[in-house]
Amino acid sequence: MHAYRTHTCAALRKSDEGKTVKLSGWIHRKRDHGGVLFIDLRDTHGLTQCVVDQDSPLLAEIEKWRPESVITVEGRVKPRHAGTENAKMATGDIEVYIDKATLQSAADVLPLQVAEPDGAGEDVRLKYRFLDLRREGMHSRVRLRNNVISSMRRRMWDKGFQEFNTPIMTASSPEGARDYLVPSRLHPGKFYALPQAPQQFKQLLMVAGFDRYFQIAPCFRDEDGRADRLAEFYQLDVEMSFVTQEEIFATMSPVVGGIFEEFNAWTGTQHRVEWLPNMSWHEAMLTYGSDKPDLRNPLVICDVTEVFKRDDVEFKAFKNIIASGGVVRAIRCPKVAEQPRSFFDKLNAWAQGEGAPGLGYIKWDPLPNVSKGETIPSGSDSNPGGPIAKFLSDEALSELRKIADIKSGDAVFFVCDKEEKAAKFAGRARDKICDDLPEGHASAREKGVYKLFWVVDFPMYEMDEKTGKVDFSHNPFSMPQGGLDALNGPDPLAIRAMQYDCVCNGYELCSGGIRNHRPEIMERAFALAGYDKAVLEKKFGGMLNAFRFGAPPHGGCAFGIDRIVMLLANEPNLREVYAFVMNGAYEDPMMGAPSEPSEQQLKDLHLKTVMPVKMQDEKKRA
RNA sequence: GCGGGCGUAGUUCAGUUGGUUAGAACGCAUCCCUGUCACGGAUGAGGUCGCGGGUUCAAGUCCCGUCGCUCGCGCCA
C-alpha cells in the first residue's frame, strides 16, 4: 500500500464500501463524544469523515491531536448508519473507520482559525499566510487564479501566439513609474532595473520577426500601493505585427470576454457578459467623468456651461468660475426628484468632505395633474426646486431641460470648475449618487453583469497646468494618429494617439497601442514633449537602433490579470487573489522582507546606505 | 509626502459621565458524554488596554507626542 494515501479526501463513495484505504491530510474538525470521535480529514480536494470508537485502543491517543495537524489514517470504508448521512458533503454517504493512524506533523495552537472564518486582520493573515491559504476562500481564489491563467494560455496558443520569457534583470525603461533597482557586483555603481513591463523586449521580438507574442509577465513598479495596486503584479502581455487597432480588439476581445464567460459563475451568481461599442476618450471624460467608467451606472453627464452663461441666470458662484475659463457639468439623474431631502443633503456634505464647495442641484417635482414621464419643454409639468433653481429664469430652465434631456421627476446635480477638474469630480459624484440610491431604483447600479468596452483615441499629449509644459499623457511608444503630419500640426494637445484601454465595470483591465516603429516620427514625438535626440537615444537607444534595421508595424496590449480575477471573485482587494503578497507598506511579515543586508553583501555590491535623518535620530535614541 | 479610520486576551470585538477585581464569543487546557457534522455540557488558564509623557485623589476612557495596521489623496496604467 502507498505510504500516505490510496485516495484523496474527496474520492470515496458508497461504491467503495468494504475497501481498506489510506488517507492523509489535515484535521479540519474534531467532534469528540467521549465514546466516539469524528475527524473531518481535509486535503486540497475535499473532506472525509473518519471515525474511532471506544473499541479502538487508538481513541485515547487521537483525542489529543489538535486541529490542523497532519495525519495519515488507514481504515475501512463503511456506509454511514441510516439517517446520519450528510448531503452537504460529497463523501457524505460513507465514513472511514480508523484501524491505524499516524501523526505526521503536530500543529501548535493556531493564530487564526482555518475551519471557521474568524475575521482575522490582514496583518495576522499575511504573517501566517500558509494557514490563511488553507482556508476555503483563499484556497479556492488561488485555484481560480491558476485556472484563469491556464485558460488564458490555452486561448492565446489556440490563436497562434507563443509564450516568450523576457529578462527580469534588465535596463531601466522610463515608463513613468519608479524602478526597482538591483545593484551590480561586477560593475560598481551600476544597477539593473526590474521591468515595469516587458514593453521594449516584446517590441524587439516583433522586430525579430516573431509576429504573435504573449507572456504571463511579472511587472514591478515602485509606487505606493492601493487596494487594487501592488509593487509586483502580473499581466497578460501581448504584441502582434502587421495589425490594425481593430484586429487587436477582434483578437483580444474573445480572449478576455471568454475568460469572463468561462469563470463568471465562480462567485455563485451567473453574470451576463456584455460588449458595448468603443468609446472615445473624449466622450468617456465628458459623459462619464472618467477614462474607465463603470457603465453599470446609468447616470450620464453633460455640459451645461451655456445655460449658466445666459444673462437671465444670476448664479454668481458659477459665473465667476466660467469667466476664468471654467465649465459647468450636469449629472442627470432620472426619477431622483422624489428622494427625501436627506438624500440631497448627504451628497452635499460628501462633496464638501471632498473639498468641493458643495453639490448644487435642481429637481423637477411632478405637478399632481401631469402624468409621470410626460415631457412639456416649458417645464409646466413640474415644479423646479432645490437651492439653485431660483437663480434661473423660466427660459434658462427650459434650455437646461432641453440640453440635459430632463423629464418631470428627474434631478440634476451641478459641478463647476476648470474643465479637467470638473469632469473628474462630476465622474466621482456620478458614482456616489448612484451608490446612494436605494436598491432597485431606476438609476441604481445594475447587477449581475460584466460591461466591457474599449476606450479609444487617447490624447497623445497633455499640458501640466502649473508649468504649462507639454508631456506624453500616456506612454511614449504609441503612434500618433496621422503620423508625422499630425506632429507637425499647430496644436500638440489636439493629437490623438493609437492608444486604447479595455474597461470593465469601472476597472481598467488592459492598456495598449499601435506602436511608433518609425525613428523619425519618434524623434519628432519626443521633441514635442521637450526631449532632445540625446535623451531619446539614452532611454530607448536599444529599441530605436533596432527600428533602423527593418521593423514591422506592430501593436499590442497588456491585461492586468489580478484585476480580472478580482472581478471574477468579486473581491475589492488585490491581496485576496494572490497566494503571497506584501502588505500596504510593501513588507512581507512572513518572510521578513525587505531586510538589511550584511556588511559583506554591501561591500560586495560597493554600496553604503545613508539613512533618512529621521531614522538616524531614532537609532541614536535607541 | 498628506488626510480619514482603527489599535483592549491567541483571534474577533464590547467597555456608559474618568470611579471597586477590565468583559463576551471563538480558540486553548482539564473533566463528562457512543452518532456528530459549527456536536453538547462543566470547570479553568490566558491582559504592560500599542508605546512614551501629561492632567487628576483616580485614566482602557481626557490631553500631547510617537509607533503600527488599514483605506484614500498625491504618485502610478
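Values below: all heavy atoms of this structure, side chains included; hydrogens, waters and symmetry mates excluded. Residue numbers begin at 1 in each chain, while the letters A, B, ... track the order of the sequences.
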Which whole-number value in Å describes the distance from A:Asp501 CG to B:C76 P? 16 Å
So A:Arg221, base contact, sugar-phosphate only, or nothing? Heavy-atom distance under 4.0 Å. sugar-phosphate
Assign each of A:Asn573 and A:Ala558 to its nearest nucleotide of RNA chain B by heavy atoms, then name whichever residue's nucleotide is nearer the 5' end. A:Asn573
Partner of B:U66 by Watson-Crick or G-U wobble geometry, both contacts under 3.5 Å, or none? B:G50
Pick base, sugar-phosphate or nothing for A:Arg226, based on heavy-atom distances below 4.0 Å to the nucleic acid. base
Could you check whether A:Gln199 gets within reach of a base, just the sugar-phosphate, or nothing at all, counting any heavy atom under 4.0 Å? nothing
Contact under 4.0 Å: A:Arg66 side-chain N or O vs B:A29 OP1/OP2: yes
Tell me the interatomic distance from A:Glu63, atom CD, to B:C28, atom P, rounded to whole angstroms. 14 Å
Name the residue closer to the 5' end of RNA chain B, choosing between A:His81 and A:Arg178 according to the nucleotide with the nearest heavy atom. A:His81
Presence of A:Asn86 side-chain N/O under 4.0 Å of B:U36 phosphate oxygens OP1/OP2: no
Under 4.0 angstrom, heavy atoms only, what part of the nucleic acid is A:Gly121 near: base, sugar-phosphate, or nothing? sugar-phosphate
May I ask you to say what A:Gly34 touches in the nucleic acid, namely base, sugar-phosphate or nothing, with a heavy-atom cut-off under 4.0 Å? base
Quick one: A:Ile94 CD1 to B:G35 C1', roughly how many Å, whole number? 15 Å
Output yes when at least one side-chain N/O atom of A:Lys30 is less than 4.0 Å from OP1 or OP2 of B:U36, else no. no
Below 3.5 Å, can you tabulate the donor-acceptor pairs from side chains in residues 500-508 of chain A to any protein atom, sequence neighbours excluded?
from     : atom 1 : to       : atom 2 : distance (Å)
A:Tyr500 : OH     : A:Gly513 : N      : 3.3
A:Tyr500 : OH     : A:Gly513 : O      : 3.4
A:Tyr500 : OH     : A:Gly556 : O      : 2.8
A:Asp501 : OD1    : A:Ser511 : OG     : 2.9
A:Asn505 : OD1    : A:Lys451 : N      : 2.9
A:Asn505 : ND2    : A:Val449 : O      : 3.0

To the nearest angstrom, how far is A:Asp32 atom CG from B:U30 atom C1'? 13 Å
